[in-house]
Structure formats: structure tokens, C-alpha cells
Protein chains: 2
Amino acid sequence: MSTLTPDETILGLIAIQTSHGYELIEAFRDVSALGEIWKMSTSQIYAVLKRLERQGLITGRIEESETAPNRTEYCLTATGKRRLDDWLYDPQPSASIRRVRVEFLSRLYIARQLNIPTIPIVLRQRATCETERDRLRDLLEHQPPGMGYLAHELVLAQLEAVLRWIARCELVPKDIEDIT
Amino acid sequence: MSTLTPDETILGLIAIQTSHGYELIEAFRDVSALGEIWKMSTSQIYAVLKRLERQGLITGRIEESETAPNRTEYCLTATGKRRLDDWLYDPQPSASIRRVRVEFLSRLYIARQLNIPTIPIVLRQRATCETERDRLRDLLEHQPPGMGYLAHELVLAQLEAVLRWIARCELVPKDIEDIT
DNA sequence: ATGCCCCTATTCTATCATGGAATAGGTAAA
DNA sequence: TTTACCTATTCCATGATAGAATAGGGGCAT
């Protein structure tokens, strides 16, 4: 899995409450929710919903309405619940900078909304970032100067910034809990 | 332009020396060149070449060979040269973290190979990152806590890391020149 | 009332990106 | 001799993505 998909995050939102596409779109627009984290187009959300349903992670049923267009309400299947848990409790979350920003924050948001403790998520994220930082430090010691060196230096600097940022999150866990 | 395309970088490589697809693939594989910066598949390079030719930025001519498969050598057109210059001298390079890592380093690499002074490129990149940093600082002062706040805090921390890294690049400009 | 735009809710379409395999002849090692 | 890799490119199927299309209802200003 190398691309950054909103699949699990959407799974999480549906776990919080069964939703139809338009509701999810609004969650991704809402700046106090996921608005600053993901930028997603309308059709992408419906595409993800189709995929999740095809994979048997969610099921939809059509809600008829006379005053408004019909909508399809989706809720998690047992498989979907398991997939979501696997994601939330992933013991080795990616240390990629983008993924930390997007996936880790999404995990935090979803976990909070589901009343799942966020501290373990933070600790695991810190652990993988520390491992990756150490790996990069080693790598830099043996790498000859050049573009690759500069690139790795930058990634290392960013990982260190991530770790300082995570440390601040840890110091004030209450704040994380109180967010949202 | 929101996606991160290798188009201009490939334009740059062709400006350094006329090349065919396979040669470019090797430049992107070579760790001492762009290997650590871009990850690209074979077919993507040929797709980019097709696009650049369709846009009139490069022209290809087939080199026949009996000992090896035919190849198509590409070289820049006048328009292509102008497009490359616009990119190299872009007065407002993106301050997005990914783009700094990928685009800025590519600019640096191409400029060096073309014997164009790299210092102005570095200074312009620093300037836009500083502007963006200031914007984020302002934004954070007025933003209520929440996921958006955390997200912006992280981006700010990463921008600051980028700026420290750029400062190191500036302090030892000779090193940048000597790289590659 | 009339026209117009916005809101809800979703689908459609066309283009682009992507990875992976297919092709195909040559060469070097085992 | 088989195996496997190097050069060089194309093909294909799937997937992502943006943007428009659809469609009925409500509000607001002229």
C-alpha cells in the first residue's frame, strides 16, 4: 500500500455513525473535523463508497424520500469493523511525512470520536518515526554527499520535527482528548 | 498545477543532453543523480515524453540500430527551452513540503548540470517558505484548537525544519556546487 | 411572478496516471 | 544449453480525478 487513500478514514466516519455520501462530504469540508487534513472531490467519496461496498466492508441501503433526493445510507459490516480496528491499532504506522500528517491525524480523530484511547496510537506513531529517524541517521553516515544526501538530510530534519511535534502531543494528552 | 509531475525535470535532463527514454530511466535510477528524489516507473517516463512532444516542448527522431532496439532521441524545442527556464527561474516556487523536497532539489540538480547559478534558486525557495511560515503563524494565532490546529502546527514545524535545512544549504554554497 | 442561484444527493464521462507484463534481439555466465 | 539479464519500448487493464450533468425544491431579489 503506497498511495494515500481515505478508505479507512471513511470507514471510521461510518463507524461513528451510519452515513450517506453527502454527509461524508460535509465531514471532509468541516474545518473542525477533517477539513484541513484531506482535500477530496465529491466524486471521489462516492468512488470510495463503491469500492468499500464491493470489498464487503460496508453495506448500503437506499433511504427513500419525497422531499429530497434518495440517499444510500452505509454502515459497517463485521469485516469492515475488523479492517477499521486493524488500521486504528496498526502496530507499525508509516513514518512517511505525508502519512503522518494525514493518516495519523485521521486515526487520532476517528479514535477520539469512537472513544478509543488515543495515547497508544500516539506512542506507536512515535516509535516508528524514531526507528525511521535512526535508520536515516545511519544511512547519512555512510552516504556520500550528493543529491541523495541532501534529500535524506531533509527527510531526517522533517522526521525530527515530526517527533518534536508528537512529543508536544504527548505532553498534553488532555488537549488531544479535548480537541475535536 | 497541483500534482507533482516530473515533466520539467525531464525537460531539464534533455536540456543537459539529448536523450532517449532508457537513458532517462537510468538517470532516475542513479542514486547519485535523481534516484533518491523521484520514484518512477518505466512507462511513466515514456508517457511524459509523449506528452512533452505533443505539447511541442521536445522533438524526437528515431535512431536506427542493428545491434540494439531502435531508440528515439529527444531534444528541446525553443518553446521547451523557454518552459524550462520559466521553471528554473520560477519566482514563487511552491512551499509545499513535498514540492520542496522533490521540485526544489530537482531544480538544484538541473541548474547545477546546466552551469546555472543555484544561489538565486535557493534564495527564492527560502523566500516563499518564509512567507508561508509567516502566514501559518498568523493563522495559528486565530485558529481554535482542533484537528485543523494540530495539522497546521505540524505543517509549520515542517516548514521551519525546511528553512533550517535551506539555511545550511546557503551557508555552504560551495557544497551545493560541488555536489552531483 | 419571474428568473436565478443555491442546497441536497448522486452519477456520468472523459482524461490521466500507474504498474506490470509483453516484446524482442543480444550477450554473458553457468 | 539453458538461464538470465541488458537494452528499449509498447501495451493493457485498472484506477484515480476533475468537472459537468441531473433533478427537484427552496429562498431571494427585481
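A, B, ... follow the sequence lines: proteins, then strands. Residue 1 opens every chain.
- In this entry the distance linking CD1 of Ile62(A) with P of dT8(C) reads 21 Å, nearest Å.
- Distance CG (Leu4(B)) to C1' (dA16(D)): 16 Å, rounded to an integer number of Å.
- Of the residues in residues 15-24 of chain B, those lying under 4.0 Å from DNA chain D by heavy-atom distance are His20(B), Gly21(B), Tyr22(B).
- Counting only distance, with no hydrogens or angles, the side chain of Ser19(B) and the backbone of Gln17(B) share a donor-acceptor pair below 3.5 Å.
- In terms of modelled atom types and a separation under 3.5 Å, the side chain of Thr128(B) and the main chain of Ala95(B) share no donor-acceptor contact.
- OP1 or OP2 of dT17(D) has not a single side-chain nitrogen or oxygen of Ser41(A) nearer than 4.0 Å.
- Not a single side chain to side chain donor-acceptor pair (under 3.5 Å) links Thr9(B) to another residue, sequence neighbours left out.
- Ion pair Arg135(B)/Glu132(B) flagged as a salt bridge, since at least one NZ, NE, NH1 or NH2 atom sits closer than 4.0 Å to an Asp/Glu carboxylate oxygen.
- At the heavy-atom level, Thr42(A) lies under 4.0 Å from base atoms of the strands shown.
- For Glu63(A) and dT8(C), the CD to P distance is 17 Å, given to the nearest whole Å.
- Contacts between residues 44-52 of chain B and DNA chain D, counted as heavy-atom distances below 4.0 Å, involve Tyr46(B), Lys50(B).
- Taking all atoms of both residues into account, the shortest heavy-atom contact from Val155(A) to Ile97(A) is O-CD1, 4.4 Å.
- For the pair Glu53(B) CD and dT10(D) P, the interatomic distance rounds to 10 Å; values are reported in whole Å.
- For Phe28(A) and dT10(C), the CZ to C1' distance is 17 Å, given to the nearest whole Å.
- For Arg29(A) and dC6(C), the CZ to C1' distance is 12 Å, given to the nearest whole Å.
- Ion pairing between a basic and an acidic side chain is recognised when a charged N comes within 4.0 Å of a carboxylate O; Asp86(B) and Arg82(B) show no such pairing.
- Between Arg61(A) and Glu63(A), at least one side-chain nitrogen of the basic residue sits less than 4.0 Å from a carboxylate oxygen of the acidic one, meeting the salt-bridge criterion.
- One atom, CE of Met40(B), and another, P of dC16(C), lie 18 Å apart when rounded to the nearest Å.
- Side-chain atoms of Thr77(B) come within 3.5 Å of backbone atoms of Leu57(B) as a donor-acceptor pair (strictly under, hydrogens ignored).
- Taking a cutoff of 4.0 Å between a charged side-chain nitrogen and a carboxylate oxygen, Glu103(B) and Arg107(B) qualify as a salt bridge.
- Place Ser43(B) and Glu26(B) on DNA chain D by their nearest nucleotides, and Glu26(B) ends up nearer the 5' end.
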